[in-house]
Protein chains: 2
Amino acid sequence: MNLAEAKQQFISSWGAFGTHWGINRTMAQIHALLLISPDPLSQDDIMQELNISRGNVNMNIRDLIDWGLVQRVLLPGERREYFSAEKDIWKVATQIVKERKKRELDPMLKLMTRLEAVEGDKKDKHVKQFVDTVSGIRHFGQQADRMLDVMVKADENWFVGTLMKFFR
Amino acid sequence: MNLAEAKQQFISSWGAFGTHWGINRTMAQIHALLLISPDPLSQDDIMQELNISRGNVNMNIRDLIDWGLVQRVLLPGERREYFSAEKDIWKVATQIVKERKKRELDPMLKLMTRLEAVEGDKKDKHVKQFVDTVSGIRHFGQQADRMLDVMVKADENWFVGTLMKFFR
DNA sequence: CTGAAATTTCAAAAGTTTTTGAAAGTTTTT
DNA sequence: AAAAACTTTCAAAAACTTTTGAAATTTCAG
């Protein structure tokens with residue numbers, strides 16, 4: 001397989017992969033394109049490579065910047081803005097974990113804590129099942145939360161070297 | 001907050017949560033409803049509780065069964081089918097991990113392995129960046145794969161008891 | 001300042017996913 | 001063997017999401 005084909009496949013499957021993870025196809029494709037570009041790209045470069053409109057590139061680039069996955073780069077002597085993606089996959093992963101934890105897990109745990117305090121007779125099986133379920137979710141979520149916190153703060157070498165010895 | 005309100009909130013936020021994870025709103029809501037129901041429910045029960053059509057319930061229940069999260073239950077002396085969800089959150093989580101690993105991670109790793117073998121001069125920076133990125137993703141993915149395998153096979157007590165001592 | 005280049009915005013169009021509900025299919029009962 | 005009870009299917013409609021592109025805004029070199 002030559003580079004052009006391989007690029008196409010990578011970009012298109014990263015896009016498909018993204019859709020399973022609540023990220024839209026185009027955002028994931030732009031990210032993929034930037035991941036494999038040795039140099040920063042401009043909006044026009046991205047429009048050309050992926051055949052998408054200016055507005056679309058602009059919006060999705062902005063989201064990628066919000067997620068902390070892409071940075072604006074100003075090339076000296078150039079008027080226009082360029083964009084480049086964080087290339088270290090460990091950093092990419094921890095950044096995504098950090099954001100999703102903040103956006104999804106943390107609010108969910110807050111809600112579960114509130115719902116656990118539902119009023120009602122704990123001997124009523126409907127109340128009991130509700131409280132048990134919510135509390136089970138909260139417990140599990142808190143374990144996950146702690147684990148992800150450590151992962152986000154950890155250095156890759158510690159993680160891969162020390163912790164991964166358990167997984168053999 | 002009374003039970004009815006709490007139920008509503010739980011179902012609706014579980015639905016919203018699901019959409020961030022590539023699961024459709026209704027499927028997640030049905031799952032939520034079954035999680036907090038002490039007894040199995042029929043299609044009609046679900047239609048009523050969530051105000052959705054018969055076909056919709058049927059399709060989404062089928063998907064939940066495919067995911068291994070819901071089971072058909074035949075109540076003695078009853079003609080119709082009832083459905084009940086696995087209530088143990090640890091089992092629910094490992095089941096989801098197992099399925100997503102199989103459906104998404106495994107094929108992705110296969111693709112990365114193929115793409116890593118792209119032909120071309122490794123001194124060309126475009127080729128180099130492509131291979132480095134793909135290989136970085138493969139490495140990370142394989143670590144994750146191993147870790148998730150252990151998690152899926154592990155018993156909850158081992159996981160929470162032994163492993164979680166690391167996360168303090 | 002000025003005006004050309006670059007970026008951002010956003011309403012409308014295109015595309016995608018989900019839902020509905022009636023018809024077809026299946027199983028059970030009489 | 002026909003009717004009744006229940007389940008599944010699927011084409012069309014509705015709802016939702018993404019993309020476009022032209023206009024508005026911002027930026028900056030001269």
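Within every chain, numbering begins at 1; the chains are lettered A, B, ... in the order of the sequence lines, protein sequences first and strands thereafter.
Place A/Arg62 and A/Arg25 on DNA chain C by their nearest nucleotides, and A/Arg62 ends up nearer the 5' end. If you find the closest nucleotide of DNA chain C to A/Gly55 and to A/Arg80, the one lying nearer the 5' end belongs to A/Arg80.
Nucleotide C/dT30 forms a Watson-Crick or G-U wobble pair with D/dA1, both donor-acceptor distances falling under 3.5 Å. Both distances falling under 3.5 Å, in either a Watson-Crick or a G-U wobble arrangement, place D/dT20 opposite C/dA11.
As rounded to whole Å, 16 Å separates atom P of D/dA14 from atom CG of B/Asn56. As a whole-Å value, the separation of A/Asp45 CG from C/dA6 P is 12 Å. In this entry the distance linking CG of B/Leu74 with C1' of C/dT28 reads 13 Å, nearest Å. A/Ile52 has its CD1 atom 11 Å from the C1' atom of D/dT18, to the nearest Å. When the C1' atom of C/dT7 is taken as reference, atom CG of A/Asp44 falls 10 Å away, rounded to whole Å. The CD1-P distance, from A/Ile30 to D/dT18, rounds to 13 Å in whole Å. Summarising the geometry, the separation between CD1 on B/Ile23 and P on D/dC16 is reported as 19 Å, rounded to the nearest angstrom. We find that CD of B/Glu81 is positioned 10 Å from C1' of C/dT27, with the value rounded to whole Å.
Each of D/dT7, C/dT7, C/dT19 was ranked by its minimum atom distance to the side chain of B/Asn58; first place goes to D/dT7.
A/Trp67 has its side chain out of reach of A/His31: every pair of non-hydrogen atoms, C-beta onward, lies at least 4.5 Å apart.
Residue contacts shown for A/Thr26 are limited to sugar-phosphate atoms, with no base heavy atom under 4.0 Å away. Across all strands shown, B/Asn24 has heavy atoms under 4.0 Å from sugar-phosphate atoms exclusively, and none from any base.
At a threshold of 4.0 Å, the pair A/Asp121-A/Lys128 does not count as salt-bridged, since none of the basic side-chain nitrogens sits closer than that to a carboxylate oxygen.
Ring geometry, A/Phe130 versus B/Phe10: the interplanar angle exceeds 60°, so the pair is classed perpendicular (tilted spans 30 to 60°). Below 30°, between 30° and 60°, or above 60°: for B/Phe17 and B/Trp14 the angle between ring planes is below 30°, a parallel geometry.
A donor-acceptor contact under 3.5 Å is formed by the side chain of A/Arg79 with the base of C/dA5.
For B/Gln142 and B/Arg146, the side-chain atoms include no donor-acceptor pair closer than 3.5 Å.
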